[in-house]
Structures are given as structure tokens and as C-alpha cells.
Amino acid sequence: VGLGNPGPKYRYTRHNVGFMVIHRWARALGVRLLSRRFEGKSSFAGFQDREVLLLCPQTFMNLSGKSVKKCAQSLGVRTEEILVVHDDLDLPLGRVKVAKNGGDGGHKGIQSIFECLGTREFSRVKIGIGRPRQEEPIHEFVLSPFYREDRAAVETTLQKAVHACELFVSHGIQAAMNGINRQ
């Protein structure tokens with residue numbers, strides 16, 4: 001599940017890196033997120049010998065849990081099979097961290113998923129977006145595009161995040177943490 005906000009206004013904002021990762025992975029897998037199920041855009045895709053569902057909730061960030069819950073209930077997905085990809089202000093730009101369980105760090109999308117699922121027992125790929133350098137308020141910073149000088153680093157980071165998703169699916173959460181967090 002990639003977190004973000006729907007619509008062209010938000011497409012390239014820091015808060016939408018979760019969407020960016022899922023769309024990038026979908027392209028690599030040869031699928032497009034065309035289905036409108038679960039209050040989101042989604043598609044099934046084959047990865048190695050597994051079937052995965054790629055989902056980008058269209059409920060806006062703060063209500064992401066509604067979409068995740070609908071999907072999990074409809075498909076009978078266990079929470080430990082869910083991987084959520086999202087931005088993280090507390091990680092420097094370019095850093096990717098894979099985590100199991102944990103807190104929300106003030107992230108409203110993660111809070112919504114906690115509330116709707118009633119648990120924190122899912123895994124995450126956190127993508128560092130850093131902190132404002134130009135003293136913008138946080139809400140403006142996350143809803144703005146990356147600084148021009150950071151765009152090359154963002155591309156590398158998105159690829160690393162896709163790799164983290166692949167490791168999670170193919171080898172599990174521990175392998176993903178080991179492979180990504182020490183980089």
C-alpha cells in the first residue's frame with residue numbers, strides 16, 4: 001500500500017512518495033493501477049512466484065485506513081502480510097528504512113491505518129523526506145514538491161524503496177530490514 005493524496009495537485013509532493021513507489025513498481029511489473037476497488041486504485045501483479053496487490057488509497061492521506069481495511073477484509077489479508085510505503089520527516093532525504101510494527105511518528109495516514117485495522121502489526125517502508133530547509137511550516141513542506149536540487153536523490157530513493165518492497169514479498173520482513181536498513 002502506497003500512501004498519498006489523490007489528484008494532480010499532489011502528484012509530485014513529498015507526501016506522495018508512497019504513491020510514487022507503488023506506481024514505479026507497477027510499471028516495472030507491467031501493470032497499471034486501473035481497478036477502483038477498496039476506495040483506491042489497485043492492480044494485481046505477479047512477482048516471482050507470488051501474486052501481490054498494489055494499492056494506492058484514494059481517500060486522502062488522513063483516511064487511508066478506510067481503504068486498507070476494505071482491501072484486507074475483502075481479500076482476507078492478514079495484517080502481517082500488509083506493507084505500507086510512506087514518507088517520513090524524521091529520516092533524512094534519501095534514507096529508506098523498513099520497519100515492523102512501531103509508532104506513527106505523527107503521520108496521520110499511519111494513524112488512520114492503526115485506527116481502522118485496530119493493530120500496529122503491519123510492516124512499513126519509510127522514505128526519508130527530511131525537514132524543511134527554508135523554514136516552511138510542516139504541512140506546506142509535505143504538500144510541496146521536492147526542492148529542485150534534491151530530485152536526483154529522490155529518484156535513487158524511490159528505486160531503493162521498490163527494492164525494499166521486492167525483498168519483503170520474496171524473502172519476508174526480516175530480510176527486507178537486513179537488506180535495506182544497513183545501507
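Just so it is clear, the model here is predicted, and its values are computed rather than measured.
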Check your understanding: Above 12 or not: heavy atoms from other molecules or residues under 6.0 Å from NZ of Lys160?
Key ->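 Yes.
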**Study point:** Working for side-chain contact (heavy atoms from CB on, under 4.5 Å), residues Phe122 and Val1
**Key:** CA-CA 11 Å; Phe122 56 89; Val1 178; over 6 Å; no
Can [Y] be reached from [X] by stepping across I, L, V, M, F, W or Y side chains whose heavy atoms are under 4.5 Å apart?
X	Y	result
Leu93	Val162	yes
Ile113	Ile82	yes
Ile127	Leu89	yes
Leu33	Leu53	no
Val142	Phe19	no

**Study point:** Parallel, tilted or perpendicular, as decided by the 30° and 60° cut-offs, for the rings of Phe60 and Tyr10
**Key:**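 Ring orientation, 0 to 90° scale: perpendicular.
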Exercise for review: Kindly assign one of parallel, tilted or perpendicular to the pair Phe47 and Trp25, based on the angle between their ring planes and the thresholds 30° and 60°.
Suggested key: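 Phe47 and Trp25: perpendicular rings.
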4.5 Å side-chain heavy-atom contact, [X] and [Y]:
X	Y	answer
Val96	Lys126	no
Ser35	Ser42	yes
Arg37	Ser74	yes
Asn5	His15	yes
Ile138	Pro132	yes
Leu55	Ile22	no
Leu75	Phe44	yes
Ile129	Phe146	yes

[atom1]-[atom2] distance between [X] and [Y], expressed to the nearest 0.5 angstrom:
X	Y	atom1	atom2	result
Lys41	Cys56	NZ	SG	8.5 Å
Cys116	Leu63	SG	CG	8.0 Å
Ile173	Leu167	CD1	CG	10.0 Å
Leu91	Arg131	CG	CZ	10.5 Å
Leu54	Arg27	CG	CZ	12.0 Å
Asp104	Glu115	CG	CD	9.0 Å

Donor-acceptor pair, side chain of [X] and main chain of [Y], under 3.5 angstrom:
X	Y	value
Glu140	Pro137	no
Ser112	Gly65	yes
Arg14	Ser144	yes
Arg182	Asn178	yes
Ser67	Phe38	yes
Glu80	Arg78	no
Arg120	Phe114	no

Exercise for review: Step by step, work out the side-chain contact (heavy atoms from CB on, under 4.5 Å) result for Leu3 and Asn16.
Suggested key: CA-CA 6 Å; Leu3 299 189; Asn16 272 39; over 6 Å; no
Practice item. Grab the two heavy atoms, one from Ile110 and one from Gly103, that are nearest each other, plus how far apart they are. Key: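 That closest heavy-atom pairing would be CG2-O, 4.4 Å.
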**Study point:** Where Ala164 and Val125 come nearest, the two heavy atoms and their spacing
**Key:**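 So the minimum-distance heavy-atom pair works out to CB-CG2, 4.0 Å.
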Check your understanding: Does a salt bridge link Arg133 with Asp150, judged by any charged N lying under 4.0 Å from a carboxylate O?
Key ->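 Asp150 and Arg133: salt-bridged.
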**Study point:** Presence of salt bridge, Arg24 and Glu155, under 4.0 angstrom
**Key:**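 Salt bridge flag = yes for Arg24 with Glu155.
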Practice item. Could you check Thr156 against Gln159 for side-chain contact (heavy atoms from CB on, under 4.5 Å), going step by step and ending with a plain yes or no? Key: CA-CA 5 Å; Thr156 302; Gln159 284 304 113; 5.9 Å; no
Check your understanding: Out of Asp87, Asn62, Asp88, which residue meets the side chain to side chain donor-acceptor pair (under 3.5 Å) rule with His107?
Key ->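 That would be Asp87; it is the only one of Asp87, Asn62, Asp88 passing the side chain to side chain donor-acceptor pair (under 3.5 Å) with His107.
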Review point. After noting the C-alpha distance and the side-chain angles of Gln58 and Arg36, does the key distance pass the side-chain hydrogen bond (donor to acceptor under 3.5 Å, both in side chains) rule?
Key: CA-CA 9 Å; Gln58 299 296 291; Arg36 293 287 189 165; 4.5 Å; no
Exercise for review: Evaluate side-chain contact (heavy atoms from CB on, under 4.5 Å) for Leu83 paired with Cys165, printing each intermediate quantity in order.
Suggested key: CA-CA 8 Å; Leu83 180 66; Cys165 295; 3.9 Å; yes
